[in-house]
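Letters A, B, ... mirror the listed sequences (proteins, then strands); counts begin at 1.
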Amino acid sequence: MRIATWNVNSLRVRLPQVVAWLAEAGPDLLGVQETKLQDADFPAAELAEAGYHALYSGQKTYNGVAVLSRDPGLTGVATEIPGFPDEQRRVLAATAGQVRFINLYVPNGAAVDSDKYRYKLAWLEALGEWLEEELARHPRLVVVGDFNIAPEDRDVHDPAAWAGEVLVSEPERAAFRRLTALGLVDCFRRFDQPEAVFSWWDYRAAAFRRNNGLRIDHILASQELAAACSACTVDRTPRGWERPSDHAPVIADFDVA
DNA sequence: ATGGCGCTCGAAGAGCGA
């Protein structure tokens with residue numbers, strides 16, 4: 001089973017790239033973030049033509065998440081963190097067979113100590129409580145998305161320049177470690193990886209060409225699924241296409257039915 | 001060098017992302 005995540009930064013703009021990438025990479029499940037589409041405008045027909053059933057939870061202009069699945073028989077759909085009502089559409093969970101799939105667009109946080117930063121930390125706190133329950137219910141749980149956290153300095157192109165900034169600050173990293181302490185495994189770090197592998201590069205200052213990036217998009221798996229994970233990679237290719245998203249897809253393969 | 005680029009809304013330029 002192939003599971004992937006991709007912040008597309010506008011599905012309206014990126015739909016042709018998403019369709020092309022689905023045909024190349026062939027994920028069974030793809031978590032999409034930043035669709036920036038109301039549900040009425042979601043391109044369900046185009047994606048169905050590409051062979052994918054879609055769930056979506058959108059809003060105008062900002063945020064918006066979707067789950068694309070080869071298997072149309074998804075159940076247990078959730079669009080909120082229980083007990084954390086939120087107008088921002090950042091959560092979409094569903095069960096495919098025995099696999100519980102949770103797709104997240106974690107708040108960006110804007111700047112350390114801002115209102116948005118405090119919202120991000122509160123959001124992550126509520127997420128942790130929910131994921132603890134989800135883990136108890138679902139031995140095969142995978143949590144994907146744009147976490148907007150680079151967990152360690154090796155996930156940052158220039159740790160000195162980024163020290164203490166939003167996306168790398170210690171409270172954010174502590175929130176990420178709280179998730180892994182629940183028993184969720186960062187699939188990317190289960191394997192030997194090259195140095196300087198990132199999933200996001202600023203549009204400005206030729207950041208992609210210089211590989212000035214951050215690894216902020218992640219695939220976390222329960223221990224049962226992590227044990228069945230055979231690979232986890234970032235696919236840099238779409239970031240090099242014309243008019244790309246600033247994020248690249250992350251892919252993990254699992255030896256489960 | 002504290003900007004730089006790209007998307008949205010809406011029809012200019014501000015807000016936002018990371």
Side-chain angles (χ1 to χ4, degrees), chain A residues 5-18 21 31-43 56-66 86-91 103-124 127 144-176 188 196-218 234 236 238-250:
Chain A
T5 178
W6 193 5
N7 180 324
V8 298
N9 186 20
S10 171
L11 185 55
R12 196 189 306 276
V13 171
R14 231 65 67 191
L15 180 61
Q17 296 189 19
V18 171
W21 188 79
V32 178
Q33 304 89 36
E34 286 208 85
T35 59
K36 301 187 178 180
L37 288 173
Q38 300 174 98
D39 289 350
D41 297 327
F42 193 88
Y56 37 95
S57 179
Q59 69 183 81
K60 199 174 182 180
T61 311
Y62 301 116
N63 310 309
V65 283
D86 191 353
E87 291 179 2
Q88 302 186 31
R89 304 289 80 196
R90 298 180 174 278
V91 174
N103 176 36
L104 304 174
Y105 176 43
V106 176
N108 167 282
V112 171
D113 288 336
S114 65
D115 285 346
K116 288 178 179 174
Y117 182 80
R118 284 182 282 276
Y119 162 69
K120 179 180 192 174
L121 293 181
W123 196 97
L124 288 163
L127 174 69
V144 312
D146 176 359
F147 283 73
N148 271 317
I149 301 171
E152 301 176 76
D153 278 354
R154 59 180 167 164
D155 302 311
V156 181
H157 71 93
D158 185 347
W162 278 87
E165 297 291 330
V166 73
L167 312 184
V168 311
S169 76
E170 182 50 32
E172 292 165 88
R173 286 178 167 177
F176 187 87
F188 182 81
V197 174
F198 307 122
S199 66
W200 169 86
W201 301 260
D202 200 304
Y203 282 121
R204 298 165 290 186
F208 181 62
R209 183 176 60 73
R210 298 172 177 172
N211 196 30
N212 290 344
L214 304 175
R215 192 177 71 93
I216 56 177
D217 301 88
H218 306 299
V234 177
R236 293 168 47 96
R239 186 61 178 80
W241 290 345
E242 284 293 318
R243 210 180 177 192
S245 169
D246 44 357
H247 294 252
V250 182

request  = Could you list the residues that satisfy ring-ring contact (aromatic ring centres under 6.0 Å, His included) with A:Tyr117, not counting sequence neighbours?
outcome  = none
inquiry  = A:Arg243: which residues meet the side-chain contact (heavy atoms from CB on, under 4.5 Å) condition with it, sequence neighbours left out?
reply    = A:Val13, A:Arg14
key: Pairs where residues 164-176 of chain A contributes a residue and the test salt bridge (charged side-chain N to carboxylate O under 4.0 Å, His left out) is met, not counting sequence neighbours   = A:Lys120-A:Glu172, A:Asp153-A:Arg173, A:Glu170-A:Arg177
Pairwise 5' ranking along DNA chain B for A:Arg243 and A:Asp202, keeping only the more 5' one = A:Arg243
Which residue lies more 5' along DNA chain B, comparing A:Gln88 with A:Arg204 via nearest heavy atoms = A:Arg204
request  = Just jot down the side-chain hydrogen bond (donor to acceptor under 3.5 Å, both in side chains) partners of A:Arg12, sequence neighbours excluded, or say none.
outcome  = none
Test side-chain hydrogen bond (donor to acceptor under 3.5 Å, both in side chains) applied to A:Asn108 - qualifying residues, sequence neighbours left out = none
[N] [atom2] sits how many Å from [X] [atom1], rounded?
X: A:Asn9; N: B:dA18; atom1: CG; atom2: P; result: 8 Å
X: A:Trp201; N: B:dG4; atom1: CH2; atom2: C1'; result: 19 Å
X: A:His247; N: B:dA18; atom1: NE2; atom2: C1'; result: 7 Å
X: A:Asp246; N: B:dG6; atom1: CG; atom2: P; result: 10 Å

request  = Check every strand shown and say whether A:Phe208 touches a base, only sugar-phosphate, or nothing at a heavy-atom separation below 4.0 Å.
outcome  = nothing
message = Mind checking if A:Lys120 touches a base, just sugar-phosphate, or nothing, with heavy atoms under 4.0 Å?
response = nothing
task = Check every atom of B:dA18, B:dG4, B:dC5 against the side chain of A:Tyr203 and return the nucleotide holding the closest atom.
result = B:dC5
Atom pairs, N/O to N/O, protein against nucleotides 9-11 of chain B, distance under 3.5 Å?
from	atom 1	to	atom 2	distance (Å)
B:dC9	OP1	A:Thr61	OG1	3.4

request  = Check the side chains of A:Tyr119 and A:Asp86 for a donor-acceptor pair under 3.5 angstrom, ignoring hydrogens and angles.
outcome  = yes
query = Does A:Asn7 place a side-chain N or O at less than 4.0 Å from the phosphate oxygens OP1/OP2 of B:dA18?
reply = yes
task = Using the C1' atom on both, measure B:dG17 against B:dG3 and round to a whole Å.
result = 15 Å
